[in-house]
There are 4 protein chains.
Amino acid sequence: MATEAQDLVTVQDEVGRDVEPKTRKGRRSKRALLDAARVVFRERGFAHARVSDMAAEAGMSNGAFYRYFKDKHDILMALLSELSEEMYEFSRVPWQPGDPKHSVRESTLRYMELYRDNADLMRVEIEVAQTELTVHEVWRESRAMFFKRIARSLRRGQKEGIVRKDIDPDLAASLLGGMTEHYAYLQYVLKDEPQGSPKRLAEQISRIWANGVYLTDEE
Amino acid sequence: MATEAQDLVTVQDEVGRDVEPKTRKGRRSKRALLDAARVVFRERGFAHARVSDMAAEAGMSNGAFYRYFKDKHDILMALLSELSEEMYEFSRVPWQPGDPKHSVRESTLRYMELYRDNADLMRVEIEVAQTELTVHEVWRESRAMFFKRIARSLRRGQKEGIVRKDIDPDLAASLLGGMTEHYAYLQYVLKDEPQGSPKRLAEQISRIWANGVYLTDEE
Amino acid sequence: MATEAQDLVTVQDEVGRDVEPKTRKGRRSKRALLDAARVVFRERGFAHARVSDMAAEAGMSNGAFYRYFKDKHDILMALLSELSEEMYEFSRVPWQPGDPKHSVRESTLRYMELYRDNADLMRVEIEVAQTELTVHEVWRESRAMFFKRIARSLRRGQKEGIVRKDIDPDLAASLLGGMTEHYAYLQYVLKDEPQGSPKRLAEQISRIWANGVYLTDEE
Amino acid sequence: MATEAQDLVTVQDEVGRDVEPKTRKGRRSKRALLDAARVVFRERGFAHARVSDMAAEAGMSNGAFYRYFKDKHDILMALLSELSEEMYEFSRVPWQPGDPKHSVRESTLRYMELYRDNADLMRVEIEVAQTELTVHEVWRESRAMFFKRIARSLRRGQKEGIVRKDIDPDLAASLLGGMTEHYAYLQYVLKDEPQGSPKRLAEQISRIWANGVYLTDEE
DNA sequence: GATGAATGAGCATTCATTCAT
DNA sequence: CATGAATGAATGCTCATTCAT
């Protein structure tokens, strides 16, 4: 009876910032600021983004920003947390057993889509991670989740006898996962090297994986 | 082919900045500022680096900076030009014909060393590239040189019949080069994933390359 | 004579603030805010106290504050009025005739206790009095009441022949009253100079009053 | 040979604030800011003083202020340090031996003058000391010096047999010094109680010191 | 009565850049 | 060439106060 909903999250600082809004209107405003921040970060990068831009983009006053966030660093962290959650969901889905080449192809495609849809945030994350420890950490963690998932699958493959034994699963996971991640970065963040559709790309990647890592029946 | 690193250096503006100083003292001062800037960039990143920090680090006055550089951005570009030259030298050395696996291993090792010795600048380059077009371009070019060299070697390999024909040399170069680059980045810039010595790493990479890309006589 | 403490209370403005609340709940809320304000003033001083702190401390919303008080200054005045009333009560009690030394001792003790119990408000009063005329005035008045009471007693003593005639009662009252007041301030507000219990202190003060410091040839 | 003048003071923070100016012009500017700050503090008190007021009063830009001081708190401390020095000089002069009444009178007069000439700073010091620990400490120290000097003199008097033995020198010094200090405060800061010229005041104080107030039956 | 969201004036602060010496 | 003082635009941030619900 006594214990109610508000007991749950609600981490606030002395001045009452970072509060989980209590009214519908409040929640809408916080969301509007998050969305606005994303737009501003996309357009200007972190270094050149101004708090006042975000407030304006959200159609609110300057002070309103500070009801919900401590500063621009804080709102970035909030956005990155949301992104992390998505990445986590992706990483939880285990690889399909059976045809590993197909699994790699599917997984790569899905990852590319995820990266593409969040390329704006990825860019800011990378920009800031060079400098700010907290962001660096968030980034490191989501990368680690991704790599672990690959390592897990490689290890299972070694047990099943379809992955070479002379491969270190963790190191190879870093290399292969990094290869994918980096390519996505080149494509969707830097918009560099636009050779090849996602499908063709997934095909090539799975080919390199397959013949570099997996013992195929061709051998 | 046309684009060469040294094009980027020594542009002078009408106020006479960025000129190669006439006197010995002038040259020494400019050098001191460049070195100081590198230290400051390393310690604080680009966004948080102050012109006054660099002057102080170089043991010079605030105003002295502006005799030699237009602003913070300008001195960064000067540093990156120097780095570009090194990368250019690296990319010019063609791969040894003959044993491709050995070639990959050697080349990877050498690249890793280069990256490690310039990790501080690489970090700033990456930070700023997300935001500033000019830096983005410099970075893109040095990456392109590196990738082209790999593509060149793959194409030659295909002619010689030691590289699979179902590989797109350019795309594969991006993927494999990116894999190496990204790993170096993780190691030396982010200081993440410290699994494995450079040697062991080069070994694993060449193994993945070899069995993923090259038709070996082992098959 | 004319000026009495309760004149300062219960002024209402046209918006209806500072009114004595009609309902029981209203009265309770106002009291809660007053108590909360006292806590906040004690903890942060006037300059750093925030209206929102007081509301929070009282467990009420930000807006609620303004139903009862015009601003931070207003709620301080309300608190000081309450304090004034206490001081007024203290000053009304006349000194016991007869043994003056005993009278001084008793009176000093009682004053010290009063000061100690309200040291938090005294501190804020002193802080703000340096700057705000209204508070300065309130303070001046309560001091004046205290001093007048001493002067009254000195004058009576002169008539009775137990107080030196070469003493100016008003000036001496300021000096001696100020001595007491100041010592209380050092003790209870600044928590400085913790030499001596209240009792010992009262003893010393009455001795100085009674006899002075130097041994004169009159003795 | 190597050790030169600049080794001496020169405490600077990371950004180079609080520097002892190196040129004549710089020294003049810093002085101008200090003087301006004093004016502003006098006119508005600490809480309402603005950094921009001080800059304007000194005829300088906003930013110039920050070359020499961290914030308004910092410039206040600088002013108070200067004041402390003066108080220190005052406290170093020992009391004349011989006629103690004359000594008290002279000393009181001198102290009153000092207080009067610095009443503006004293007011701010008192305002801020209620809240800020650092200022509180500075204030406490100058008071302590003053009190110690009196205690010293009382103790010497006890040895010489001209001061009552039943007086605790330290406690009495607090009380008597506090009496003087407090009266000066009432006179020059609060401009209260304007009964009596400095001379008459000094006379009364020395009388109270010397003889006490009540004619006791001991006489 | 009460809530909490929103506003915006008010100030502080930083730092690239210019300038007099 | 070099110095360091001065400038001022650009922003950040706080908090008293009002308002819709």
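Convention: sequence-line order gives letters A, B, ...; per-chain numbering from 1. Side chains included, hydrogens not; waters and symmetry mates left out as well; all remaining heavy atoms used.
Between Phe46(C) and Phe41(C), the ring planes are parallel. Angles under 30° get that label, and only those over 60° would be called perpendicular.
Look at Tyr66(D) and you'll find a side-chain N or O under 4.0 angstrom from OP1 or OP2 of dT13(E). Remark: Arg67(C) is not in phosphate contact with dG1(E), judged by side-chain N or O atoms under 4.0 Å from OP1 or OP2. Side-chain nitrogen and oxygen atoms of Ser29(A) include at least one within less than 4.0 Å of the OP1 or OP2 phosphate oxygen of dA6(E). Residue Lys25(C) has a polar side-chain atom (N or O) positioned under 4.0 Å from OP1 or OP2 of dA2(E). For dT3(E), the OP1/OP2 oxygens have no side-chain nitrogen or oxygen of Thr23(A) closer than 4.0 Å. The phosphate of dT3(E) has OP1 or OP2 within less than 4.0 Å of a side-chain N or O from Ser61(C). Contact between the side-chain N/O atoms of Tyr68(C) and the OP1/OP2 oxygens of dA2(E) is found at a separation under 4.0 Å.
Listed nucleotides: dT3(F), dA16(E), dA12(E). Nearest to the side chain of Lys72(B): dA16(E). Set against dA6(F), dC15(E), dG4(F), the side chain of Arg50(B) has dC15(E) as its closest nucleotide. Nearest nucleotide to the side chain of Asn62(A), out of dC13(F), dT17(E), dA12(E): dC13(F).
Under the 3.5 Å distance criterion, the side-chain polar atoms of Lys30(A) are left unmatched by any main-chain donor or acceptor of Pro21(A). A donor-acceptor distance shorter than 3.5 angstrom exists from the side chain of Arg123(D) to the backbone of Arg42(D), with no hydrogens or angles considered.
Thr134(D) contributes atom OG1, which lies 4.5 Å from atom CE of Met77(D) (distance to the nearest 0.5 angstrom).
When rounded to the nearest whole Å, the span between CZ of Arg24(D) and P of dG4(F) equals 16 Å. Distance NE2 (His73(A)) to C1' (dT11(F)): 18 Å, rounded to an integer number of Å. Atom CZ of Arg28(C) is separated from atom C1' of dA2(E) by 15 Å (rounded to the nearest Å). Atom CZ of Arg44(C) and atom P of dC15(F) are 7 Å apart (whole Å). Rounded to whole Å, the distance from CZ on Phe65(B) to C1' on dA5(F) is 19 Å. In this structure, Glu20(A) places its CD atom 20 Å from P of dT3(E), rounding to the nearest Å. Atom-to-atom, CG of Asp71(C) to P of dT14(F) comes out at 21 Å; the value is rounded to the nearest Å. Computed from coordinates, the Asp53(B) CG to dT14(E) P distance equals 13 Å when rounded to whole Å.
Checked for salt-bridge contact, Glu127(D) and Arg44(D) miss the test: no charged N lies under 4.0 Å from a carboxylate O. Using a 4.0 Å cut-off between charged side-chain N and carboxylate O, Arg31(D) and Glu82(D) make a salt bridge.
Checking dA20(E) for Watson-Crick or G-U wobble geometry (two distances, each under 3.5 Å) identifies dT3(F) as its partner.
Both Ala64(C) and Gly63(B) sit near DNA chain E, but only Ala64(C) has its closest nucleotide nearer the 5' end. Where His48(A) and Gly59(D) each meet DNA chain F at their nearest nucleotide, the meeting point lying more 5' is that of Gly59(D).
Using a 4.0 Å heavy-atom criterion, one finds that Ala55(B) contacts no nucleic acid atom at all.
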